[in-house]
J.: 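What follows is a structure written as structure tokens; I'll ask about it next.
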Amino acid sequence: MTVRIAPSILTADFANLEHELGRIATADLVHVDVMDNHFVPNLTFGQRMVESLQRVSPLPLDIHLMIDDPDRWAPGYAEAGAYSVTFHAEAVADAVSLARRLRDIGARAGIAVKPGTPIEPYLELLHEFDQVLVMTVEPGFGGQSFIESTMPKLVALRAAVAATGLDIWLQVDGGITERSIAIAAEAGADTFVAGSSVFNVGEPHMQIALLRAAASAHVH
Ligand code: DX5
Ligand code: ZN
């Protein structure tokens with residue numbers, strides 16, 4: 001299985017994002033956290049920033065919308081050229097019709113669940129999505145600790161994805177380190193978001209290589 005590393009720019013220097021993107025060029029995707037201070041108690045940026053990133057990023061943009069009313073706002077990010085747009089199950093009114101709209105625009109459609117949100121209701125709907133994001137911390141902030149009790153959701157997802165025969169990516173986000181990435185890969189994840197362990201621990205290229213090696217050793 002292919003391992004994908006998606007550094008989160010939440011922990012990068014917001015005043016020098018083009019430069020920061022250059023430091024993670026060996027990654028597979030750039031994870032972009034959009035927060036509205038309603039769905040989560042933190043605020044980042046919106047569509048205009050994503051449009052600017054889209055113009056300069058050498059890597060595809062993986063947009064993680066931690067916002068209320070994604071039914072209204074998510075299509076704009078797809079129209080801005082995002083490679084993938086992931087909205088939260090807890091915030092969306094009609095997950096399937098929103099995913100279909102995102103795909104019609106040309107983006108990969110993703111659905112995210114917070115640590116306390118069960119995955120069972122979505123296992124029958126997996127064909128409607130290109131990726132599923134299992135949050136491994138409460139969304140809102142970087143630098144938190146990996147919540148290992150979320151791993152059974154990945155095990156269930158991996159089995160359900162295998163049953164579909166489709167290549168649906170299983171993503172984890174929050175507290176990903178060299179140690180926790182191995183646990184998540186073992187449980188079934190193939191796409192790994194990492195913020196502080198890429199940007200706050202030395203050289204990002206080196207950190208990306210270490211995370212990739214640790215995941216590759218444990219992915220099925
Ligand atoms: C948290 C964000 C994450 C965050 C991860 O709500 O969705 O993408 O940047 O940061 P770390 O890797 O530091 O936990
Ligand atoms: Zn995120």
Side-chain angles (χ1 to χ4, degrees), residues 3-14 17 20-21 23-24 27-46 49-50 53 57 59-68 70 73-74 77 82-92 107-117 131-151 153-154 169-185 189-202 204 206-208 210-212 214-215:
V3 164
R4 292 172 210 88
I5 306 294
S8 164
I9 55 167
L10 186 62
T11 317
D13 179 359
F14 278 13
L17 283 176
E20 296 285 69
L21 291 173
R23 298 170 74 209
I24 56 169
D28 301 284
L29 307 155
V30 188
H31 184 82
V32 179
D33 290 304
V34 175
M35 304 185 187
D36 66 352
N37 204 25
H38 288 270
F39 181 71
V40 288
N42 196 7
L43 182 66
T44 55
F45 43 70
M49 176 70 95
V50 170
L53 289 170
S57 179
L59 295 174
L61 301 190
D62 177 47
I63 310 296
H64 178 193
L65 297 177
M66 284 161 277
I67 61 171
D68 281 344
W73 298 108
Y77 291 85
Y83 180 70
S84 54
V85 179
T86 296
F87 55 85
H88 266 267
E90 304 85 359
V92 73
R108 294 172 59 86
I111 188 161
V113 288
K114 296 203 278 188
T117 302
Q131 52 199 73
V132 180
L133 170 54
V134 173
M135 287 305 296
T136 43
V137 297
E138 288 298 335
F141 298 91
Q144 303 181 75
S145 298
F146 180 77
I147 301 173
E148 194 167 346
S149 59
T150 56
M151 293 296 99
K153 287 196 266 190
L154 279 167
W169 299 358
L170 299 182
Q171 191 171 32
V172 284
D173 180 8
I176 294 299
T177 61
E178 258 187 277
R179 192 188 76 83
S180 62
I181 202 170
I183 297 168
D190 56 14
T191 305
F192 305 89
V193 177
S196 32
S197 68
V198 168
F199 284 104
N200 291 353
V201 190
M206 185 65 79
Q207 293 306 118
I208 290 164
L210 290 171
L211 290 170
R212 193 188 295 286

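Both counts, for ligands and for their atoms, begin at 1 and track the order of listing. We number each residue from 1, following the sequence as shown.
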J.: Report yes if the side chains of T136 and S180 come closer than 4.5 Å at any heavy-atom pair, otherwise no.
T.: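 Contact flag for T136/S180 side chains = no.
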
J.: If you take all heavy atoms of S145 and V137, which pair is closest and at what distance?
T.: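 The pair with the smallest heavy-atom distance is O-CG1, 3.4 Å.
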
J.: Look at atom 3 (C) of ligand 1 and say which protein heavy atom is nearest, naming residue and atom and giving the distance to 0.1 Å.
T.: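 Residue, atom and distance for the closest contact: D173 OD1, 2.9 Å.
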
J.: Nearest to atom 14 (O) of ligand 1, what protein heavy atom do you find, and at what distance?
T.: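 Protein heavy atom with the smallest distance to atom 14 (O) of ligand 1: G175 N, 2.8 Å.
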
J.: Heavy-atom distance under 4.5 Å between the side chains of L29 and W169, does that happen here?
T.: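 When only atoms from C-beta onward are counted, W169 and L29 do touch, with a gap below 4.5 Å.
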
J.: Regarding ligand 1, does S197 bring an N or O atom to under 3.5 Å of one of the ligand's N or O atoms?
T.: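 There is no such contact.
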
J.: Identify, by atom number and element, the atoms of ligand 1 in contact range of P139, meaning under 4.0 Å from any of its heavy atoms.
T.: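 Answer for ligand 1: 6 (O).
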
J.: Is it true that a side-chain atom of S197 and a backbone atom of A194 form a donor plus acceptor pair closer than 3.5 Å?
T.: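 It does not hold such a pair.
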
J.: I need the nearest protein heavy-atom contact for atom 1 (C) of ligand 1: residue, atom name and distance, please.
T.: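 Here the closest protein heavy atom is F141 O, 3.6 Å.
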
J.: Purely on distance, is any nitrogen or oxygen of H64 under 3.5 Å from one on ligand 1?
T.: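 In this structure, H64 places an N or O atom under 3.5 Å from an N or O of ligand 1.
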
J.: Taking the side chain as C-beta and beyond, is there a heavy-atom pair between P115 and E138 under 4.5 Å?
T.: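 With C-beta onward as the side chain, the pair touches.
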
J.: N/O of T11 under 3.5 Å from N/O of ligand 1, yes or no?
T.: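 No, T11 has no N/O under 3.5 Å of an N/O on ligand 1.
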
J.: What are the atoms of ligand 1, with element, lying closer than 4.0 Å to any heavy atom of H31?
T.: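 Close to H31: 8 (O).
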
J.: Is there a polar contact, in the sense of an N or O pair closer than 3.5 Å, between G195 and ligand 1?
T.: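 Right, the criterion is met.
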
J.: Does at least one non-hydrogen atom of G143 fall below 4.0 angstrom from an atom of ligand 1?
T.: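 The answer is yes, since G143 has a heavy atom less than 4.0 Å from ligand 1.
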
J.: Closest to the Zn ion (ligand 2), which N/O/S atom of D33 is it?
T.: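 Atom name of the closest N, O or S in D33: OD1.
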
J.: Numbering the atoms of ligand 1 from 1, which are under 4.0 Å from a heavy atom of M66?
T.: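 Counting atoms of ligand 1 from 1, those under 4.0 Å from M66 are 6 (O), 7 (O).
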
J.: With the side chain counted from C-beta on, respond yes when F146 and V172 share a heavy-atom pair under 4.5 Å apart, and no when they do not.
T.: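 A side-chain contact is absent here, since even the closest heavy-atom pair is not under 4.5 Å.
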
J.: For atom 10 (O) of ligand 1, find the nearest protein heavy atom and state the residue, atom name and distance (0.1 Å precision).
T.: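 Answer, as residue, atom name and distance: G142 CA, 3.5 Å.
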
J.: Would you mind running through ligand 1 and noting each atom that sits below 4.0 Å from a heavy atom of V193?
T.: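 Per the distance check, 8 (O).
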
J.: Against heavy atoms of G174, which atoms of ligand 1 measure under 4.0 Å?
T.: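 That gives atoms 14 (O) of ligand 1.
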
J.: Answer yes or no: is there a donor N or O on one side and an acceptor on the other, between the side chain of D173 and the main chain of M135, under 3.5 Å?
T.: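 It does not hold such a pair.
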
J.: For atom 9 (O) of ligand 1, what is the nearest protein heavy atom, given as residue, atom name and distance?
T.: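 Ranking protein heavy atoms by distance from atom 9 (O) of ligand 1, first comes S8 OG, 2.8 Å.
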
J.: For G110, does its backbone N or O pair with a side-chain atom of Q131 as donor and acceptor, under 3.5 Å?
T.: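 Answer holds: no.
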
J.: Using a 4.5 Å cut-off on heavy atoms from C-beta on, say whether the side chain of I111 contacts that of F87.
T.: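 F87 vs I111: side chains touch.
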
J.: If you measure every N/O of M35 against every N/O of ligand 1, is any gap under 3.5 Å?
T.: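 Between M35 and ligand 1 (N or O atoms, distance only) the closest approach is not under 3.5 Å.
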
J.: Could you list the atoms of ligand 1 found under 4.0 angstrom from a heavy atom of S196?
T.: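 It comes down to these atoms of ligand 1: 11 (P), 12 (O), 13 (O).
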
J.: Can you spot which of H31, Q171, R4 makes a side chain to side chain donor-acceptor pair (under 3.5 Å) with T191?
T.: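 Exactly one option meets the side chain to side chain donor-acceptor pair (under 3.5 Å) with T191, and it is R4.
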
J.: Just wondering, do F192 and L211 contact through their side chains at under 4.5 Å, heavy atoms?
T.: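 SC-SC contact between L211 and F192 ruled out.
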
J.: Based purely on interatomic distance, does G140 place a nitrogen or oxygen under 3.5 Å from a nitrogen or oxygen of ligand 1?
T.: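 Between G140 and ligand 1, an N or O pair is found under 3.5 Å apart.
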
J.: Using only N, O or S atoms, tell me which atom of H64 is closest to the Zn ion (ligand 2).
T.: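 It is ND1, the N, O or S atom of H64 closest to the Zn ion (ligand 2).
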
J.: Side chain, backbone, both or neither: which part of A194 comes within less than 4.0 Å of ligand 1 when only heavy atoms are counted?
T.: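 The part of A194 near ligand 1 is the backbone, not the side chain.
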
J.: Restricting to N, O or S, what is the name of the atom of D173 that lies nearest the Zn ion (ligand 2)?
T.: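 Nearest N/O/S atom: OD2.
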
J.: Pick out which of V198, D33, T44, L53 makes a side chain to side chain contact (heavy atoms under 4.5 Å, CB included) with I9.
T.: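 Option passing the side chain to side chain contact (heavy atoms under 4.5 Å, CB included) with I9: L53.
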
J.: Whether the side chain of N42 engages the backbone of G140 through a donor-acceptor N/O pair (distance < 3.5 Å, no angle test) should be reported.
T.: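 Answer holds: yes.
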
